[in-house]
Amino acid sequence: MDILTELNTAQREAVESIQGPVLIIAGPGSGKTRVITHRIAYLIKVVGVSPHRILAVTFTNKAAREMEARLQRLVGGSVGDLTLGTFHAICARILRRDGKAIGVDPRFVIYDDEDQISLVKRSIQDVGVDPKQYAPRAIASAISSAKSRMLAPKDYLSHGRSYFEEVSGRVYERYQQLLTESSALDFDDLLVKVVQLFRSNAEILARYQNRYLHVLVDEFQDTNLVQYELIKQLGGKSRNICVVGDPDQSIYSWRFADLRNILSFEKDYPEAKVVLLEQNYRSTKRILETASRIISANQQRKPKELWTKNETGEPITVVETYTEQEEAQFVVNEIERLVASGEAKRGDCAVMYRTNAQSRVLEEAFIRYGVPYKLVAGTRFYERREVKDIIAYLRCLQNPNDNISLLRIVNVPVRGIGQRTVTELSAWAKSRGVPEYQALQLIAAQPELAGSRVNKALVGFLNLMEELRAKSQELDLVELLDLVVKRTGCQEHIMSQPDGEDRWENVLELRTVAQEYKNLKPPEGLTAFLEGVTLVSDVDELAEKVDAVVLITLHQAKGLEFPVVFIVGMEEGILPHFKSLGDSEQMEEERRLCYVGVTRAQKKVYLVHCFRRSLMGSSKVNKPSRFLADIPSYLIAGGGLWSGEESQVASAAYSWNKAPEAVSVPQATGPELKAGDRVRHPQFGDGVVVSLQPAKDDKEVVAAFNGIGVKKLLLSYARLEKVE
């Protein structure tokens, strides 16, 4: 009974309700993982159910490992042959054992993403489709979507309403044939094949139904149609199905998760017991009420009343800045103020945003002020593939002998120059002792070398680069970047991918950066831009244990918690995203996304928006997010947020005024330095001061650090120590 002593009343009810279907609606911070592990331990130690007869499904291998470790502590040792893991891992085991009944070779290999794309490319060629018109990743995404709805190739073809769907269906059919010939399964097949196995073989299904007396599923709101069908099949006899989730945290429809699974559970199981976990152990009362007010406008949800015994806490801080640069500066300033006052450590703070493109300005601010940060589960802005591709083009225009950049873009977008050709080009250049670009010029000058189709492709690439190089001497940086994108076909190449819109947003954000150099004469603008980009992208990854601010998207933040949370970009068109503005279901998911962000916070929440924002290549005035209007004035620091019928932000309510001249930067503080002084930085180590330049109410220190390179830091924030 020790298993029950640490549980509250609702948690205990969820653990002890072991007969029949159970739906546990678990609010954020309500101890969901504790309930699942204690329920399994209760079944084993108190009820006496053999671990062999329990199936527990998680959504990540990490979650499965953590759950197993907790269970071992609760039951006092090994959990035996309990089936615990992800849907894919469990299904792979079933197919190894019984898949032969539907023609699955037990020695099958599992194709990862790269393998799938290669096979899709071959399938496209086999069915005679032009790969230039239909990107393999776009078709791969369409195939995955079909499988998530359990549509076989012939079914998908019959459902097709567009020419793209018809093409995708033909490729899908050939793709499945090639998978079979290779004795291979992709990730979607692992699930679909088990459903097919159980549907076609009642004896095998009965064996698993007889084995699994209890079935538990975590993060049920994130299941798709195939996964839900699997759960219904496995629990079809005992009906002891326990699902745990929260409709208010369903934010993965783009991964084909179906919110209807959790909302319709009671229709499929009328006898189901519903347990609400409403006590929150994470956040303050004010944070919970703010989150509840935001989410209450949604229709597709299960109503619940979050509450906590935690302190009332501080009001929510809503801040308006004038631009996104001031937004980032405010975040840095406020974090450093919290650190200086002892209210928080840097590692306690998370900055969350809707789109990856928003991280660029934030990263630059943290680097400029010398504040350690960690970009979680993502790629730094200047290291993102599409951004690096454009920069590589620009670097080649500035310096044609930059072989690394040249080899990166020689076949991006695809122009018929394969890896074998690139290898031969490099070898040919090496044999003559010249860079690759010069080798291309030599090939173009010798007609006998340009006779083959491959060499014609190389010469075509050279002609394009020569044209752009000439223009780089005439056009300003923004005009040059636009011309590179147009002449290379980069936009079409990027937009043909499943995540093309997000990637294209990053290119447009790079254009926003380029506009800062627009007034410099060519080619000075190009040179200055590339130097600036190198400085920003030269930051090393922070170690896991470094006390650093976390930069993270709202999607990636799900399941995490932080004492202090900043959500930036709280504007119409950003959060909620502009793509959701005409779609009620998508708007509800945007609201859930905001709800998830707010409920990650334990102590403090800052909601920040701009009066004017430059993003994705354009500058515009955005209205504050409609989600801010859902927060009552008594929950917000400084009083009411809205003033007048136009719902405009009352800037006087905030310490951070929206007028640019009101932005305060602390007076320069730090050691007296001069060029040549040796210094030590807590992140970059030892270095030497190269120069000092005056900045508004501050000084800019340029220092060269051993093994790191040259960094520009503001003296007030650099935390430099002079080394005698």
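Worth saying up front: this structure is predicted, and the values here are computed from it rather than measured.
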Nearest non-hydrogen partners of R354 and I574, listed with the distance: CG-O, 3.0 Å

When every non-hydrogen atom of G416 is compared with those of A457, the smallest separation belongs to O-CB, 4.2 Å

Report the residues that fulfil side chain to side chain donor-acceptor pair (under 3.5 Å) with R96, sequence neighbours left out, ordered by chain and then residue number. none

Got a second to check how far L55's CG is from I90's CD1, nearest 0.5 Å? 4.5 Å

Side chains of V485 and W504: closer than 4.5 Å at any heavy-atom pair? yes

Parallel, tilted or perpendicular: rings of F198 and Y208 (30°, 60°): tilted

Can any side-chain N or O of S144 pair as donor or acceptor with the backbone N or O of A140 at less than 3.5 Å? no

Separation between CD1 (I204) and CG (D98), nearest 0.5 Å, reads 4.5 Å

What is the distance from atom CD of Q398 to atom CD1 of I391, rounded to the nearest 0.5 Å? 12.0 Å

Using the ring pair (Phe, Tyr, Trp, His ring centres under 6.0 Å) criterion, which residues pair with F461? Sequence neighbours excluded. none

Would you check if the side chain of S145 reaches a backbone N or O of S141 as a donor-acceptor pair within less than 3.5 Å? no

Other residues, nucleotides, ligands: >12 heavy atoms within 6.0 Å of E203 CD: no

Test log, rule side chain to side chain contact (heavy atoms under 4.5 Å, CB included), inputs K147 and V226: CA-CA 8 Å; K147 291 185 178 183; V226 182; over 6 Å; no

Between R503 (side chain) and I494 (backbone), is there a donor-acceptor pair under 3.5 Å? no

When every non-hydrogen atom of P400 is compared with those of R469, the smallest separation belongs to CG-CZ, 3.3 Å

Taking 4.0 angstrom as the limit, do R591 and E588 come out as a salt bridge? no

Going through the checks in order, is the side chain to side chain donor-acceptor pair (under 3.5 Å) test met by Q438 and E436? CA-CA 5 Å; Q438 191 173 338; E436 274 83 348; over 6 Å; no

Has S431 got a side-chain atom pairing as donor or acceptor with W428's backbone, closer than 3.5 angstrom? yes

Closest non-hydrogen atom pair, L225 against S148: CB-O, 3.6 Å

Tell me, do Q249 and D222 make a side-chain contact under 4.5 Å, heavy atoms counted? no

Would you say N411's side chain and I417's backbone share a donor-acceptor pair under 3.5 angstrom? yes

Given 3.5 Å as the limit, does a donor-acceptor pair link the side chain of R511 with the main chain of V478, or not? no

For Y353 and N356, the nearest pair of non-hydrogen atoms, with its separation, is CE1-CA, 4.4 Å

Donor-acceptor pair, distance only, cut-off 3.5 Å: does the side chain of E590 make one with the backbone of H577? yes

Interatomic spacing from OG1 in T223 to CZ in R260 - rounded to 0.5 Å: 11.0 Å

Does the side chain of Y172 reach to within under 4.5 Å of the side chain of I139, using non-hydrogen atoms? no

Within the structure provided, determine whether R385 and V412 are in side-chain contact (heavy-atom separation under 4.5 Å). no

Inspect the surroundings of NZ in K154 and state if more than 12 heavy atoms from other residues, nucleotides or ligands are less than 6.0 Å away. no

Taken in chain and number order and not counting sequence neighbours, the residues that satisfy side chain to side chain donor-acceptor pair (under 3.5 Å) with Q177 are R174

Determine the minimum heavy-atom distance between A444 and V459, stating which atoms define it. CA-CG2, 4.1 Å

Side chain to side chain contact (heavy atoms under 4.5 Å, CB included) between M150 and R199, intermediate numbers included: CA-CA 12 Å; M150 292 188 290; R199 284 179 174 177; 3.6 Å; yes

May I ask you to test the Q300-L263 pair for a side-chain heavy-atom distance under 4.5 Å? yes

Within a reach of under 6.0 Å around CZ of R207, are more than 12 heavy atoms found that belong to other residues, nucleotides or ligands? yes

Using the rule given for side chain to side chain contact (heavy atoms under 4.5 Å, CB included), can you reason through K193 versus C91, listing the C-alpha separation, both sets of side-chain angles and the distance that settles it, and then say yes or no? CA-CA 9 Å; K193 293 291 185 183; C91 287; over 6 Å; no

Test of understanding: with salt bridge (charged side-chain N to carboxylate O under 4.0 Å, His left out), list the residues that count as partners of E467, not counting sequence neighbours. R487

Would you sort out whether F164 and V167 count as a side chain to side chain contact (heavy atoms under 4.5 Å, CB included), showing the intermediate values? CA-CA 5 Å; F164 174 77; V167 169; 5.6 Å; no

I'd like to know whether Q358 forms a side chain to side chain donor-acceptor pair (under 3.5 Å) with T355, so could you lay out the CA-CA distance, the side-chain angles of the two residues, the decisive distance to 0.1 Å, and finally the verdict. CA-CA 6 Å; Q358 290 172 257; T355 66; 3.3 Å; yes

Working to the nearest 0.5 angstrom, can you tell me the gap between L197 CG and K100 NZ? 14.0 Å

Who passes side chain to side chain donor-acceptor pair (under 3.5 Å) against T488, sequence neighbours left out? none

Is there a side-chain contact between V361 and T512 in this structure, where contact means two heavy atoms from C-beta onward sitting under 4.5 Å apart? no

Below 3.5 Å, can you tabulate the donor-acceptor pairs from side chains in residues 227-235 to any protein atom, sequence neighbours excluded?
from	atom 1	to	atom 2	distance (Å)
Q227	OE1	N224	N	2.9
Y228	OH	D268	OD2	2.7
Q233	NE2	V195	O	3.4

So M465 and L440, do their side chains get closer than 4.5 Å, heavy atoms only? no

Is K471 close to E479 at the side-chain level, that is, under 4.5 Å between some pair of heavy atoms? no

Side-chain ion pair, R170 and E173, N-O less than 4.0 Å: no

Look at E509 together with R384 and state whether they make a salt bridge at an N to O cut-off of under 4.0 Å. no

